Q: 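My questions all concern the structure below.
What you see is a predicted model, and the numbers here were worked out from it, not measured in a lab. Order of listing sets the numbers, starting from 1, for every ligand and every atom in it.
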Amino acid sequence: MEMNSVNHQIRLAARPSALPVPSDWELTTEPVPVPGPGEFVVGVSHLSVDPAMLRWINGRSSDSAPVAIGAVMEAGAAGQVTASEHPGFGVGEHVYGAFGVQEFARSDGTGVTKLDPLLAPLPTYLGALGTTGMTAYFGLLDIGRLSEIDTVVVSGAAGAVGSVAGQIAKIEGCRVIGIAGGPKKCRWITEDLGFDAAIDYKSQDVARALEKHAPGGVDVFFDNVGGEILDAVLTRLARGARIVLSGGVSQYGAHQDRGPANYLRLIGARASMTGFIAPDYADRYAEARAELAGWLREGRLVSREDIHQGGIEAFPDALLKLFAGENTGKLVLAVP
Ligand SMILES: NC(=O)c1ccc[n+]([C@@H]2O[C@H](COP(=O)([O-])OP(=O)(O)OC[C@H]3O[C@@H](n4cnc5c(N)ncnc54)[C@H](OP(=O)(O)O)[C@@H]3O)[C@@H](O)[C@H]2O)c1
């Protein structure tokens with residue numbers, strides 16, 4: 001296997017309070033690490049770019065410590081073992097792990113999963129077969145307690161998690177309404193992914209559109225966005241509704257989180273609003289991955305990866321794409 005001699009990395013140089021600017025990042029170059037006993041080195045080929053990264057760097061994550069100034073930016077990534085002194089990981093094997101925004105990472109195998117490139121292309125392990133898929137799957141089925149009679153609304157519906165969540169709800173027999181930004185994304189989720197209806201939050205009044213598309217009320221709201229969209233859906237809940245708090249991307253770049261103004265609607269609807277973190281389900285990932293892989297194989301589920309080229313240096317721009325709504329499906333950074 002051909003080896004580069006240098007390892008490019010993106011490090012956090014300063015802590016942004018809102019969206020990061022170029023001076024918040026530093027590109028560093030180091031020799032490619034050499035594995036010690038019980039270690040191996042991975043050549044990263046695909047990096048997961050996630051909205052939560054903004055919370056990790058601005059220090060407002062509710063479930064993890066902030067990335068330290070000067071540290072390599074944290075990221076999940078897929079790649080191939082290039083050197084190994086580890087009995088369980090051989091050169092050439094494909095793996096996923098928290099390798100960070102760098103071309104090569106040294107690992108002792110903790111938290112690393114082996115990938116089968118014959119089962120699915122590597123980027124799909126960052127999409128429907130990765131944390132993206134796990135979030136959609138457990139959020140809907142476990143937290144949302146989905147049943148086929150439910151009317152399900154998904155926000156961020158043309159994004160990574162949202163597009164998978166909506167498709168799972170369709171597979172389970174639900175009526176599914178997606179909320180997304182712009183006509184192109186709305187067409188994609190209805191025409192290609194089979195959602196029953198789409199609401200373009202950039203040009204439509206969400207609460208009014210829900211009156212039309214969900215006349216009996218919303219049973220499950222899978223929320224990736226928060227803010228005004230959450231407030232609008234709160235006014236359209238069916239009795240016993242479950243709000244699944246996956247994330248709040250509309251708040252990640254804000255200086256202060258905006259709370260849900262309409263939360264008292266939960267009382268009359270006897271509804272619940274529950275946050276969750278996908279890795280809490282890690283011991284059930286294999287079960288979910290097998291089911292998701294089956295749906296992919298049968299053509300009932302589409303995993304769309306939006307591949308951003310440019311390598312490690314392009315990471316700062318790639319991250320901003322998420323907040324400008326410039327991705328459709330899972331945003332992945334290709335590392336040449
Ligand atoms: N709980 C968990 O364990 C877990 C795990 C992974 C991800 N998540 C959460 O899942 C959510 C989606 O993540 P993802 O990776 O799938 O990202 P994504 O949805 O693929 O990308 C973000 C999307 O958010 C939308 N957006 C950005 N700013 C917005 C705003 N101000 N208002 C409304 N929409 C906005 C954009 O779509 P439009 O063009 O439609 O605006 C953009 O494409 C995030 O909140 C993330 O934190 C949770």
Side-chain angles (χ1 to χ4, degrees), residues 18-19 47-58 60-64 74-76 98 123 126-128 130-140 142-144 153-168 178-189 195 198-204 206 221-233 243-254 257-258 273-282 284-285 288 303-308 318-333:
L19 289 177
L47 269 166
S48 175
V49 188
D50 293 279
M53 287 172 156
L54 189 48
R55 300 294 259 199
W56 305 344
I57 61 175
N58 66 20
R60 291 166 65 215
S61 173
S62 60
D63 69 305
S64 62
E74 291 166 18
L126 305 179
T131 309
T132 293
M134 302 303 133
T135 305
Y137 185 93
F138 290 109
L140 265 185
D142 205 66
I143 306 290
V153 173
V154 180
S155 62
V161 173
S163 61
V164 177
Q167 291 180 83
I168 293 174
I179 304 174
K184 204 167 158 198
K185 289 187 178 186
C186 286
R187 266 199 310 277
W188 180 59
I189 61 174
F195 285 43
I199 299 171
D200 176 0
Y201 75 90
K202 290 186 174 167
S203 68
Q204 287 179 272
V206 173
F221 177 37
F222 189 102
D223 188 22
N224 291 307
V225 168
E228 287 175 18
I229 289 177
L230 172 57
D231 265 337
V233 182
I243 297 181
V244 180
L245 278 190
S246 164
V249 68
S250 72
Q251 304 303 300
Y252 292 176
D257 294 347
R258 170 202 150 132
M273 185 150 91
T274 310
F276 76 103
I277 295 292
D280 289 350
Y281 292 89
R284 292 175 57 197
Y285 274 8
S303 180
R304 174 163 168 173
E305 295 90 32
D306 194 334
I307 312 271
H308 188 81
L319 181 59
L320 292 178
K321 281 180 86 168
L322 292 171
F323 299 95
E326 288 171 4
N327 65 305
T328 299
K330 172 67 195 164
L331 185 59
V332 171
L333 179 62

Q: Under 4.0 Å, counting heavy atoms only: does I277 come that close to any atom of ligand 1?
A: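 Yes, that is the case, since the closest heavy atom of the residue is under 4.0 Å from the ligand.
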Q: Under 4.0 Å, heavy-atom basis, I'd like to know which part of T135 is in contact with ligand 1: side chain, backbone, both or neither.
A: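 Within the 4.0 Å criterion, T135 contacts ligand 1 through side-chain atoms alone.
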Q: For atom 40 (O) of ligand 1, what is the nearest protein heavy atom, given as residue, atom name and distance?
A: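 Of the protein heavy atoms, G181 N, 2.8 Å lies nearest.
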Q: Starting from atom 28 (N) of ligand 1, what is the nearest protein heavy atom, named by residue and atom, and what distance separates them?
A: F323 O, 3.9 Å
Q: Which word best sums up how the rings of Y281 and F276 line up, parallel for under 30°, tilted for 30 to 60°, or perpendicular for over 60°?
A: perpendicular
Q: Among all protein non-hydrogen atoms, which one is nearest to atom 43 (O) of ligand 1, and what is the separation to 0.1 Å?
A: N327 OD1, 2.5 Å
Q: What is the nearest protein non-hydrogen atom to atom 25 (C) of ligand 1, stated with its residue, atom name and distance?
A: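 Atom 25 (C) of ligand 1 sits closest to the protein heavy atom V249 CG1, 4.0 Å.
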Q: Verify the neighbour count for atom CD of E228: are there more than 12 heavy atoms of other residues, nucleotides or ligands below 6.0 Å?
A: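 12 or below, so no.
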Q: For residues I179 and V225, determine if any side-chain heavy atom of one lies less than 4.5 Å from a side-chain heavy atom of the other.
A: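 Answer no - side chains too far apart.
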Q: Starting from atom 19 (O) of ligand 1, what is the nearest protein heavy atom, named by residue and atom, and what distance separates them?
A: G159 CA, 3.3 Å
Q: Just which atoms of ligand 1 are under 4.0 Å from any heavy atom in V161?
A: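 Those of ligand 1 that fall under 4.0 Å from V161 are 7 (C), 10 (O), 16 (O).
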Q: Mark up the atoms of ligand 1 that fall under 4.0 Å of a heavy atom belonging to G325, in ascending order.
A: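 Atoms satisfying the 4.0 Å criterion: 36 (C), 39 (O), 42 (C), 43 (O).
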Q: When you compare the side chain of P123 with that of I307, does any pair of heavy atoms fall below 4.5 Å?
A: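 They are in side-chain contact.
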Q: Could you list which atoms of ligand 1 come closer than 4.0 Å to a heavy atom of G248?
A: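 Ligand 1 atoms under the 4.0 Å threshold to G248: 45 (O).
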Q: Going by heavy atoms, is A158 under 4.0 Å from ligand 1?
A: no
Q: Out of all atoms in ligand 1, which are within 4.0 Å of some heavy atom of G329? Include the element for each.
A: 20 (O)
Q: Within the 4.0 Å heavy-atom shell around S246, which atoms of ligand 1 are there?
A: 1 (N), 2 (C), 4 (C), 8 (N), 9 (C), 10 (O), 48 (C)
Q: Specify side chain, backbone, both or neither for E326, according to which of its non-hydrogen atoms lie closer than 4.0 Å to ligand 1.
A: neither
Q: Between K330 and D50, is there a salt bridge with N-O shorter than 4.0 Å?
A: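 Counted as a salt bridge, because a side-chain N and a carboxylate O are separated by less than 4.0 Å.
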Q: Does any part of the side chain of D231, heavy atoms only, come nearer than 4.5 Å to the side chain of R258, both counted from C-beta?
A: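 Heavy-atom side-chain distance check passes, below 4.5 Å.
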Q: Is there at least one pair of N or O atoms, one from A278 and one from ligand 1, spaced under 3.5 Å apart?
A: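 For ligand 1, there is an N or O atom that lies under 3.5 Å from one belonging to A278.
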Q: Let me see the working for V164 and V161 under side chain to side chain contact (heavy atoms under 4.5 Å, CB included), right down to the final yes or no.
A: CA-CA 5 Å; V164 177; V161 173; over 6 Å; no
Q: Say whether D223 and S155, considering side chains only, have a donor N or O and an acceptor N or O under 3.5 Å apart.
A: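 A donor-acceptor contact under 3.5 Å links the two side chains.
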Q: Where do V49 and H308 land on the side chain to side chain contact (heavy atoms under 4.5 Å, CB included) test, with the steps shown first?
A: CA-CA 10 Å; V49 188; H308 188 81; over 6 Å; no
Q: Got M53 and L322 here, is their nearest side-chain heavy-atom distance under 4.5 Å?
A: no
Q: Just jot down the ligand 1 atoms closer than 4.0 angstrom to any heavy atom of S250, in number order.
A: 30 (C), 31 (N), 32 (N)
Q: So, 4.0 Å and heavy atoms of L322: is ligand 1 close enough to count as a contact?
A: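 Yes, that is the case, since the closest heavy atom of the residue is under 4.0 Å from the ligand.
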Q: Check this for me - ligand 1, K330, N or O atoms closer than 3.5 angstrom, yes or no?
A: no
Q: Just go through N224, I143, D200 and tell me whose heavy atom is the nearest to atom 11 (C) of ligand 1.
A: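 Ranked by closest heavy atom to atom 11 (C) of ligand 1, first place is N224.
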Q: Just going by heavy-atom distances, which of Y201, F138, Y252 is nearest to atom 46 (C) of ligand 1?
A: Y252
Q: Mind checking whether P51 contacts ligand 1 via backbone (N, CA, C, O), side chain (CB onward), both or neither, at a 4.0 Å heavy-atom cut-off?
A: side chain
Q: Less than 4.5 Å apart, side chain to side chain, heavy atoms only: is that true for D142 and R284?
A: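 Sidechains of R284 and D142: in contact.
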Q: Taking side chain as C-beta onward, heavy atoms only, is F138 less than 4.5 Å from I143?
A: no
Q: Is the closest heavy atom of G253 to ligand 1 under 4.0 Å?
A: no
Q: Between CD of Q167 and CZ of R304, what distance do you get to the nearest 0.5 Å?
A: 11.5 Å
Q: Please step through side chain to side chain contact (heavy atoms under 4.5 Å, CB included) for the pair L230 and I243, ending with a clear verdict.
A: CA-CA 9 Å; L230 172 57; I243 297 181; 4.2 Å; yes
Q: Is V225 touching ligand 1 with its side chain, its backbone, both, or neither, if touching means heavy atoms under 4.0 Å apart?
A: side chain
Q: With a cut-off of 4.0 Å, which atoms of ligand 1 are near a heavy atom of G247?
A: 45 (O)
Q: Please list, chain by chain and in numerical order, all residues satisfying ring pair (Phe, Tyr, Trp, His ring centres under 6.0 Å) with Y201, sequence neighbours excluded.
A: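 With neighbours one apart ignored, the set is empty.
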Q: Give me the nearest non-hydrogen protein atom to atom 39 (O) of ligand 1 as residue plus atom name, then the distance to 0.1 Å.
A: K185 NZ, 2.6 Å
